[in-house]
Amino acid sequence: MGNQITFTVDGKIINAAEGEMLLWTALDNDIYIPHLCGERNEKERPASCRLCFVEVDGRPAPMPACTLPVSEGLVVKTRSERVDALVAAGFELLMSNHRLDCKNCPANGNCELQRIAKARKLRLKPKNLPVLDKGLPVDDSAPGILYDPNKCVLCGRCIRACRHSGNGVLGFTRRGFERIVATFGDLPLGDSGCQGCGDCAEACPIGALAKKA
Ligand code: SF4
Ligand code: SF4
């Protein structure tokens, strides 16, 4: 563990180990920063969801908190006009490619998208962009797991969890709007070698991969 250092986030003085990523130190201190793809104990930091932006004194542009190591005297603001605009635009883009059906969703009430929308006063339903539905079938072929690719926001957490479980049957496939998480060869989960451990569903921060009720 690095030396203990002191810095501020939104005026709150925080002590943490030097070099820890800002996102986790802020969350540990009850300062919420929107995030989807980052995971605390993962070496891999994809910084792909583009939601955890913060302003740092002395830096010309907002930076992702998941890849920002904390250091002595750092002065951070989690909100500014620029940050709010970036987060709102990123969130709207994600939601324009998400099948929104909270009432019937296994994650309803425990969903990171709902949390972000509430924290930043954003609408779950996009205001400016049309919603594009992939129209893909829901995969309920694996024991205990339900996968709705139409809800997936491509954070990649299930892929890492599946790899760590020793199965490694999940990966990204296709490009652009078509991009999805799928098994190799695009087989239904139940035919893919999936062991039904459920680690992917545990890792999914929303309702795209869930344990069957
Ligand atoms: S994943 Fe979250 S936002 Fe999407 S339908 Fe489910 S509960 Fe609603
Ligand atoms: S299924 Fe869930 S965990 Fe996997 S990439 Fe999509 S949103 Fe992320």
Side-chain angles (χ1 to χ4, degrees), residues 23 32 34-42 44-52 66 87-88 90-127 129 131-142 144-165 167-184 186-190 192 194-213:
L23 176 60
Y32 182 71
H35 60 283
L36 284 170
C37 67
E39 287 178 281
R40 184 171 214 141
N41 297 321
E42 286 287 343
E44 199 182 316
R45 295 192 194 95
S48 61
C49 70
R50 317 301 289 162
L51 292 174
C52 68
C66 66
V87 174
F91 191 70
E92 173 126 346
L93 196 61
L94 284 181
M95 298 311 288
S96 72
N97 198 352
H98 174 76
R99 183 178 286 175
L100 189 63
D101 181 18
C102 297
K103 254 197 291 184
N104 298 305
C105 182
N108 195 13
N110 185 26
C111 168
E112 205 59 37
L113 295 173
Q114 291 177 326
R115 202 164 291 135
I116 294 167
K118 190 167 175 213
R120 293 294 165 100
K121 297 193 171 37
L122 298 169
R123 289 159 47 105
L124 284 166
K125 195 170 171 204
K127 215 168 29 177
L129 295 175
V131 177
L132 303 171
D133 192 299
K134 292 192 179 79
L136 294 169
V138 174
D139 184 350
D140 68 351
S141 61
I145 299 168
L146 209 58
Y147 173 43
D148 185 348
N150 307 293
K151 287 199 184 125
C152 174
V153 291
L154 304 174
C155 71
R157 286 164 68 158
C158 55
I159 297 173
R160 295 193 289 270
C162 186
R163 201 190 306 136
H164 293 323
S165 76
N167 293 311
V169 301
L170 296 176
F172 286 121
T173 181
R174 305 183 204 160
R175 286 166 189 267
F177 166 72
E178 303 284 319
R179 192 161 168 81
I180 52 164
V181 166
T183 64
F184 294 107
D186 233 343
L187 295 168
L189 267 175
S192 68
C194 163
Q195 302 294 309
C197 68
D199 288 2
C200 57
E202 290 282 345
C204 183
I206 65 167
L209 264 162
K211 290 191 174 157
K212 281 182 190 160

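As the structure lists them, so they are numbered: ligands from 1, and atoms in each ligand from 1.
N97 is not listed as a side-chain neighbour of R179, based on a closest heavy-atom distance of 4.5 Å or more. Side chains of F172 and R175 form no contact here, defined as non-hydrogen atoms less than 4.5 Å apart. Using a 4.5 Å heavy-atom cutoff, the side chains of L100 and V131 are not in contact. Side-chain contact between T183 and D139 is absent, with no heavy atoms from C-beta onward closer than 4.5 Å. Annotation: side chain of C111 is not in contact with side chain of C105 (no heavy-atom distance under 4.5 Å). Between D101 and D148 there is no side-chain heavy-atom pair separated by less than 4.5 Å. Side-chain contact check for R157 versus P205: some heavy-atom pair is nearer than 4.5 Å.
Under a 3.5 Å cut-off, the side chain of K134 and the backbone N or O of R99 do not form any donor-acceptor pair. Using modelled atom types, one side-chain atom of N108 and one backbone atom of C102 make a donor-acceptor pair closer than 3.5 Å.
Closest to atom 4 (Fe) of ligand 1, if we only count protein heavy atoms, is H98 NE2, 2.3 Å. The single protein non-hydrogen atom nearest to atom 1 (S) of ligand 1 is G207 N, 3.2 Å, given as residue, atom name and distance. Among all protein heavy atoms, the one lying closest to atom 2 (Fe) of ligand 1 is C111 SG, 2.3 Å.
Within ligand 1, the atoms closer than 4.0 Å to a non-hydrogen atom of N108 are 7 (S), numbered from 1 in the order shown. Near I206, meaning under 4.0 Å from one of its heavy atoms, ligand 1 places the atoms 1 (S).
At a cut-off of 2.8 Å, measuring from atom 4 (Fe) of ligand 2, the protein N, O or S atoms that fall short of it are C158 SG, waters left aside.
Applying the side-chain contact (heavy atoms from CB on, under 4.5 Å) criterion to N41, with sequence neighbours excluded, gives no partner residue.
The parts of C102 lying near ligand 1 are both backbone and side chain, judged by heavy-atom distances below 4.0 Å.
Considering D101, N104, N150 only, the shortest heavy-atom separation from atom 5 (S) of ligand 1 involves D101.
With a cut-off of 2.8 Å, atom 4 (Fe) of ligand 1 has no N, O or S atom of C105 in range.
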